[in-house]
Asks: 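Here it is, the structure in full.
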Amino acid sequence: MAEPAASGALRRRARARRAALPAVVAGSGPLPALVLGVVLVLVWWAVTATGTVTRIVLPPPADVVATLVELAATGDLLPAVAATFSAAGLGAVLGGAVGLPLAWVLVHGRWFAAALEPYVAASQAVPAIALAPLLVLWIGYGLPSIAVLCALLVFFPIVIATTLGLRTLDPEVVAAARVDGASGWRLLRHIEGPLALPAVLSGLRNGVTLAVTGAVVGEFVMGGEGLGLLLVAQRDRSDTAGLFATLLVLCALATAAYALVRLLERRWENS
């Protein structure tokens with residue numbers, strides 16, 4: 001079946017909305033974030049240079065950079081980054097694989113929604129770290145249990161964002177597609193999918209950052225060889241500069257995952 005005419009109308013409408021954005025917003029790029037980062041580092045350096053706080057409380061930026069270089073040189077950093085990224089990535093995939101179909105069911109099945117939505121909401125009342133001991137008993141230590149913990153954190157924002165995206169579809173576009181003969185899988189592929197994709201990617205952007213958090217929390221409780229284990233070792237020897245260095249790597253990892261999803265979103269917008 002050919003792509004319904006409503007899908008083409010959707011694309012044209014989305015392009016028109018993007019064209020209406022102010023040029024200054026579209027062209028700002030990463031400069032504001034870089035300027036703010038430089039300002040924060042300068043304030044950090046000024047506070048430590050005056051001796052207002054001790055190095056054990058707040059190490060100078062130079063010490064953190066030196067520790068980061070040392071970690072990279074000793075070969076401890078990259079394997080830890082790879083382990084945490086693997087757990088977070090696998091968790092994000094698992095969370096999306098469960099959350100996306102469930103969101104579609106919640107939107108299209110009234111009785112399913114009435115039965116499941118209270119439990120989906122209640123699942124967020126349980127802290128992730130409280131589930132870790134249960135996952136150890138059920139699955140064991142290591143990557144599988146950490147990935148499941150990450151998936152539980154990713155699951156909720158993906159379900160909520162996708163459900164919202166599907167429930168706020170333009171009814172005129174959907175009706176036009178049904179007139180064209182679209183239904184079921186074809187409707188999802190040509191109309192619901194493209195319409196809801198920005199919301200899905202928004203949920204995924206939030207989810208991947210939570211997946212990194214879940215990986216670190218899991219490594220605290222369930223073992224592993226990632227950045228969480230490195231943080232525990234640095235804490236035990238009161239290595240404040242090492243803690244800052246590892247936290248910076250975690251921030252960079254979460255930012256990279258967020259930026260990757262944002263890049264996919266922009267490619268879809270420009271297609």
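All of these numbers come straight from a predicted model, not from anything done at the bench.
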Asks: Could you tell me the separation between the CG atom of L227 and the CG atom of L77, rounded to the nearest 0.5 Å?
Replies: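 It is 6.5 Å, given to the nearest 0.5 Å.
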Asks: For L243 and L231, work out which heavy atoms get closest and say how close.
Replies: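 Closest heavy-atom pair between L243 and L231: CD2-O, 3.5 Å.
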Asks: Do V261 and V208 have side chains that get closer than 4.5 Å, going by heavy atoms?
Replies: yes
Asks: With a cut-off of 6.0 Å (strictly less than), are more than 12 heavy atoms of other residues, nucleotides or ligands near CZ of F85?
Replies: no
Asks: Please check: side-chain N/O of Q234 versus main-chain N/O of G242, any donor-acceptor pairing under 3.5 Å?
Replies: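 Yes, because the side chain of Q234 sits within donor-acceptor range (under 3.5 Å) of the backbone of G242.
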Asks: If you compare all heavy atoms of E219 against all heavy atoms of G228, which two are closest, and at what distance to 0.1 Å?
Replies: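 Minimum heavy-atom contact is OE1-N, 2.6 Å.
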Asks: Cluster question for you: counting only ILVMFWY and a side-chain heavy-atom cut-off of under 4.5 Å, with indirect links fine, are L68 and L253 together?
Replies: yes
Asks: Judged by atom type as modelled, is there a donor-acceptor pair below 3.5 Å linking the side chain of T50 to the main-chain atoms of V47?
Replies: yes
Asks: Could I get the full list of salt bridge (charged side-chain N to carboxylate O under 4.0 Å, His left out) partners for R110, not counting sequence neighbours?
Replies: none
Asks: Quick one: does T209's side chain have a donor or acceptor within less than 3.5 Å of a partner on N206's backbone?
Replies: yes
Asks: Could you report the tightest heavy-atom contact between P101 and G96, atom names first, then the distance?
Replies: CD-O, 3.9 Å
Asks: Atom OG1 in T246, atom CG in D239: separation rounded to 0.5 Å?
Replies: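 If we round to the nearest 0.5 Å, T246:OG1 and D239:CG are 8.0 Å apart.
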Asks: Give a yes or no answer on whether the side chain of T84 reaches the backbone of A215 with a donor-acceptor pair at less than 3.5 Å.
Replies: no
Asks: Between T74 (side chain) and L71 (backbone), is there a donor-acceptor pair under 3.5 Å?
Replies: yes
Asks: Run T162 and W104 through side chain to side chain contact (heavy atoms under 4.5 Å, CB included) and show every step you take.
Replies: CA-CA 8 Å; T162 304; W104 188 90; over 6 Å; no
Asks: Locate the shortest heavy-atom distance separating W44 from P59; write the atom from each residue and the value.
Replies: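 Between these two residues, the closest heavy atoms are NE1-O, 2.9 Å.
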Asks: Is it the case that one hydrophobic cluster holds both L250 and V232, taking links as side-chain heavy atoms less than 4.5 Å apart, direct or via other members?
Replies: yes
Asks: In terms of heavy-atom contacts, does CD of E117 have more than 12 from other residues, nucleotides or ligands at under 6.0 Å?
Replies: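 Enclosed.
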Asks: Give a yes or no on whether V212 and V221 share a hydrophobic cluster (residues Ile, Leu, Val, Met, Phe, Trp, Tyr; joining criterion: side-chain heavy atoms under 4.5 Å apart).
Replies: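 Yes: a chain of side-chain contacts under 4.5 Å links V212 to V221.
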Asks: Give every donor-acceptor pair under 3.5 Å between a side-chain atom in residues 134-150 and any protein atom, sequence neighbours left out.
Replies:
unit_1	atom_1	unit_2	atom_2	d
S145	OG	G140	O	2.8
S145	OG	G142	O	3.0

Asks: Group every Ile, Leu, Val, Met, Phe, Trp and Tyr by side-chain heavy-atom contacts under 4.5 Å, then state whether L42 and L34 land in the same group.
Replies: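 Cluster IDs for L42 and L34 differ.
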Asks: Which heavy atom of A199 sits nearest to which heavy atom of A161, and what is that distance?
Replies: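 For A199 and A161, the tightest heavy-atom pair comes out as O-CB, 3.2 Å.
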Asks: Between the side chain of S202 and the main-chain N/O of P198, is any donor-acceptor distance below 3.5 Å?
Replies: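 No; judged by distance alone, with no hydrogens or angles, the pair does not exist.
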Asks: So how far is it from F244 CZ to L248 CG, rounded to the nearest 0.5 Å?
Replies: 8.0 Å
Asks: Atom CG of L31 and atom CG of L36: how far apart are they, to the nearest 0.5 Å?
Replies: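 Here the interatomic distance stands at 11.0 Å.
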Asks: If I compare all heavy atoms of T48 with all of L58, which pair ends up nearest, and what's the gap?
Replies: CG2-O, 3.4 Å
Asks: Which residues pass the side chain to side chain contact (heavy atoms under 4.5 Å, CB included) test with V105, not counting sequence neighbours?
Replies: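 If we apply the side chain to side chain contact (heavy atoms under 4.5 Å, CB included) test to V105, skipping adjacent residues, the hits are F112.
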Asks: Measuring from L106:CG to T163:OG1, what's the distance to the nearest 0.5 Å?
Replies: 5.0 Å
Asks: Output the distance between atom CG (L102) and atom CZ (F155), rounded to the nearest 0.5 Å.
Replies: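 Separation between the atoms: 4.5 Å.
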Asks: V200, L164: one ILVMFWY side-chain cluster at the under-4.5 Å cut-off?
Replies: no
Asks: Other residues, nucleotides and ligands only: do more than 12 of their heavy atoms fall within 6.0 Å of CZ on R55?
Replies: no
